Amino acid sequence: MKIFAIHDTTGAISAIVTAPDQGASISMVTDSGSQMTEVELPMNAEVADGDEEGVSRLADVVAQYRVVHESKVAKLEPQ
């Protein structure tokens, strides 16, 4: 599963979007001042298709992490 974070220029995440690894690519338009970056989730937040508790873990990621760009690689970092 691919995970995308929608965030502002400071890395504050406003939403998480998931997409299957295989299949059609996704396209989204973000609000002005926001961008979408593919990220890897922390180990404690991994989700699988149909994982009902995964929604809660993704909400925790939005609240507790931010996107940081280092050497052209994006990663999640605790706030």
Side-chain angles (χ1 to χ4, degrees):
M1 178 180 309
K2 294 179 182 178
I3 309 294
F4 298 90
I6 298 174
H7 58 92
D8 63 15
T9 57
T10 68
I13 301 170
S14 59
I16 297 280
V17 178
T18 64
D21 285 328
Q22 308 299 319
S25 61
I26 65 168
S27 177
M28 291 186 62
V29 176
T30 60
D31 293 334
S32 179
S34 294
Q35 55 187 328
M36 186 169 73
T37 304
E38 185 172 1
V39 295
E40 289 188 26
L41 292 175
M43 293 301 284
N44 62 342
E46 291 293 323
V47 296
D49 289 338
D51 180 6
E52 292 180 20
E53 293 178 12
V55 174
S56 176
R57 288 193 297 276
L58 291 177
D60 290 342
V61 169
V62 170
Q64 298 174 8
Y65 288 83
R66 66 188 188 97
V67 177
V68 176
H69 294 272
E70 293 180 353
S71 303
K72 299 183 181 181
V73 175
K75 69 177 191 172
L76 294 176
E77 178 178 277
Q79 293 190 36

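Just so it is clear, the structure is predicted and the values come from calculations on it, not from any experiment.
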Say you draw a straight line from [atom1] of [X] to [atom2] of [Y]; how long is it, rounded to the nearest 0.5 Å?
{"X": "Lys2", "Y": "Thr18", "atom1": "NZ", "atom2": "OG1", "answer": "12.0 Å"}
{"X": "Thr30", "Y": "His7", "atom1": "OG1", "atom2": "NE2", "answer": "9.0 Å"}
{"X": "Leu58", "Y": "Ile3", "atom1": "CG", "atom2": "CD1", "answer": "6.0 Å"}
{"X": "Gln79", "Y": "Gln64", "atom1": "CD", "atom2": "CD", "answer": "8.5 Å"}
{"X": "His69", "Y": "Thr37", "atom1": "NE2", "atom2": "OG1", "answer": "4.0 Å"}

| query | Take atom CD in Glu40; do more than 12 heavy atoms of anything else shown fall under 6.0 Å from it? | reply | no
| With a cut-off of 6.0 Å (strictly less than), are more than 12 heavy atoms of other residues, nucleotides or ligands near CD of Glu53? |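 Atom CD in Glu53 is not packed in, count stays at 12 or less.
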| field | Shared hydrophobic cluster, Val67 / Val62 (ILVMFWY, side-chain heavy atoms < 4.5 Å) | value | yes
| message | Quick check on the hydrophobic clustering: are Val61 and Met1 connected, directly or via other members, by side-chain heavy-atom contacts under 4.5 Å? | response | yes
Closest heavy-atom contact between [X] and [Y]?
{"X": "Glu38", "Y": "Ala74", "answer": "O-CB, 4.2 Å"}
{"X": "Ile13", "Y": "Tyr65", "answer": "CD1-O, 3.6 Å"}
{"X": "Leu76", "Y": "Pro42", "answer": "CD1-CD, 3.8 Å"}

| query | Do Asp8 side-chain atoms and Ser34 backbone N/O form a donor-acceptor pair below 3.5 Å? | reply |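 Not a single qualifying donor-acceptor pair exists.
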